[in-house]
There are 2 protein chains.
Amino acid sequence: MADTRQRLIDGAIDTIRTHGIAGTSARTIAATAGVSQALVFYHFGSVNDLLRAACLDATQARVVAYADRLSQVANLRELLAVGRNLHAEERTHGNVMVLAQMLAGAQNDAHLAEATATALEKWIAPIEQTLGRLLATSPAAGLIDTAGLARAVSAAFIGLELYEGVAPDAAQTALDSLDRLAVLLEVMDDLGPVARRALRAKLRRAG
Amino acid sequence: MADTRQRLIDGAIDTIRTHGIAGTSARTIAATAGVSQALVFYHFGSVNDLLRAACLDATQARVVAYADRLSQVANLRELLAVGRNLHAEERTHGNVMVLAQMLAGAQNDAHLAEATATALEKWIAPIEQTLGRLLATSPAAGLIDTAGLARAVSAAFIGLELYEGVAPDAAQTALDSLDRLAVLLEVMDDLGPVARRALRAKLRRAG
DNA sequence: GTCTATAACGAGATAGAC
DNA sequence: GTCTATCTCGTTATAGAC
């Protein structure tokens with residue numbers, strides 16, 4: 001049996017997933033973990049401090065499970081496939097939803113905000129690395145800021161997860177439309193030399 | 001002086017913005033509105049019913065303010081400019097953040113979920129219409145599902161707003177990277193006939 | 001329609017027994 | 001290190017005065 005500290009962390013994650021940030025309290029967490037509510041304060045000092053620890057711990061665990069897969073991605077379509085895979089697995093593990101709920105709670109709490117930003121960065125770093133690798137040979141390589149794009153993609157992913165919670169069917173069409181958009185980007189990466197040259201020239205003028 | 005019902009709605013929006021969904025209660029709303037807490041239940045029956053009404057009311061008000069601007073958008077860059085404008089104005093009006101907080105709270109409440117989805121649809125409809133108009137002449141027109149894309153863009157926007165709350169600088173780079181990406185898409189729309197033909201052929205084969 | 005008062009309960013946090 | 005008990009306050013919701 002895991003030690004109490006870890007049980008509280010796991011309980012906190014579970015509680016955020018099932019009750020949302022608004023329904024997460026020392027009592028609900030302790031009930032999920034099967035321990036006394038007082039232990040939240042003994043081990044972590046406050047509920048928010050537990051949330052900070054739990055968020056970082058859970059995110060770390062999920063990210064390492066994906067770092068390998070991301071490093072093996074060879075093109076945008078595969079990256080999107082990993083994204084959809086992640087999205088599907090998140091239905092059980094739920095780290096993205098935890099981050100979404102933490103983000104909502106962190107808007108008015110600088111302490112939570114710092115931890116949530118740090119947790120998000122754990123996802124962003126490998127995504128940024130992957131994007132940089134994939135887009136290095138693109139005709140638009142100089143125009144694309146992979147650091148910013150990785151953050152935009154990650155934030156968008158969280159928004160989509162929240163959206164799916166209130167409109168699953170509509171969110172599905174949203175995800176499908178991104179599939180098609182990725183095809184578009186891949187085609188651009190795979191243009192013949194003439195078209196590629198034309199595109200590059202246009203980009204130079206526009207950028 | 002506005003009637004109490006409207007004051008409660010305005011108070012609810014204000015409270016969600018400043019306290020987040022986790023810090024929103026009948027008492028905090030009533031305090032913001034300057035009326036008795038009991039009136040929440042007299043006028044709306046429950047806190048969640050007030051939130052539903054407030055979310056729909058406030059969203060409607062903001063969307064009509066943007067429908068005109070969206071209808072005058074002539075290209076993707078202008079659409080993105082409207083988006084950034086909206087993003088900036090949202091710092092004061094805050095409807096996107098309200099929707100983000102509602103989304104977080106709605107994940108475990110079917111009643112809130114329905115209202116939030118309806119409110120979101122109010123934003124999505126004009127965006128979908130605008131996208132459909134702008135992309136009709138694109139070489140990739142047949143490949144793009146404007147309905148899904150409008151939903152993806154809207155959800156992404158909400159995710160970015162949440163992200164900005166915990167990492168303003170990083171969110172800025174994310175927004176900037178989208179600016180550049182829009183340039184990319186515009187250039188594609190503006191290719192010469194040769195490149196355009198090549199792109200179209202590739203798209204047919206890939207799609 | 002609006003208020004005060006109150007009921008019934010959950011919240012964060014602490015004290016103290018073991 | 002874990003528990004029960006408790007304090008104080010905030011929460012939803014209702015009752016009843018005005």
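Each chain gets a letter, A, B and so on, in the order the sequences are listed, and its residues count up from 1. What's counted below: heavy atoms across the whole structure, side chains too, no hydrogens, waters or symmetry copies.
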Original post:
Does the B:Gln107 side chain pair with the main chain of A:Leu162, one donor and one acceptor, at a distance under 3.5 Å?
Top reply: yes
**OP:** Return no unless some side-chain N or O of A:Thr28 is found under 4.0 Å from OP1 or OP2 of C:dG10.
**Re:** no
Original post:
If you pin B:Ser46 and A:Arg5 to their nearest nucleotides in DNA chain D, which one's is more 5'?
Top reply: A:Arg5
**OP:** Rounded to the nearest angstrom, tell me the gap between atom CG in B:Asp109 and atom P in D:dT12.
**Re:** 13 Å
Original post:
Rounding to a whole Å, what distance do you find between A:His43:NE2 and C:dG12:P?
Top reply: 17 Å
**OP:** Enumerate the residues from residues 29-42 of chain B whose closest heavy atom to DNA chain D is under 4.0 Å, giving them by residue number; use none for an empty result.
**Re:** B:Gln37, B:Ala38, B:Phe41
Subject >> Nearest non-hydrogen partners of B:Ala115 and B:Cys55, listed with the distance >> reply: O-SG, 4.4 Å
Original post:
Side-chain N or O of B:Ser25 less than 4.0 angstrom from OP1 or OP2 on D:dT11?
Top reply: yes
Original post:
So, are A:Asp176 and A:Arg84 salt-bridged, with charged N and O less than 4.0 Å apart?
Top reply: yes
Original post:
Does the distance from a Lys or Arg side-chain N to an Asp or Glu carboxylate O, for B:Asp14 and B:Arg7, drop under 4.0 Å?
Top reply: no
Original post:
Atom CD1 of A:Ile21 and atom C1' of C:dA11: how far apart are they, to the nearest Å?
Top reply: 14 Å
Original post:
What's the CG-P distance between B:Asp49 and D:dT12, to the nearest Å?
Top reply: 13 Å
**OP:** Run through A:Val64, A:Val63, A:Asp57, A:Leu56 and flag the one making a side chain to side chain contact (heavy atoms under 4.5 Å, CB included) with A:Gln60.
**Re:** A:Val64
Original post:
Looking at D:dT11, C:dA13, D:dT2, which one has an atom nearest to any side-chain atom of A:Arg27?
Top reply: C:dA13
**OP:** Heavy atoms only: give me the nearest B:Leu99-B:Ala119 pair and the separation to one decimal.
**Re:** CD2-CB, 3.8 Å
**OP:** Could you check how far CG of B:Asp3 sits from C1' of C:dT2, rounded to whole Å?
**Re:** 13 Å
Subject >> Interatomic distance, B:Phe44 CZ vs D:dT14 C1' [rounded to whole Å] >> reply: 18 Å
Original post:
Would B:Gln6 and B:Asp10 count as having a side-chain donor-acceptor pair, cut-off 3.5 Å?
Top reply: yes
Original post:
With respect to the phosphate group of C:dG1, does any side-chain polar atom (N or O) of B:Thr4 fall under 4.0 Å of OP1 or OP2?
Top reply: no
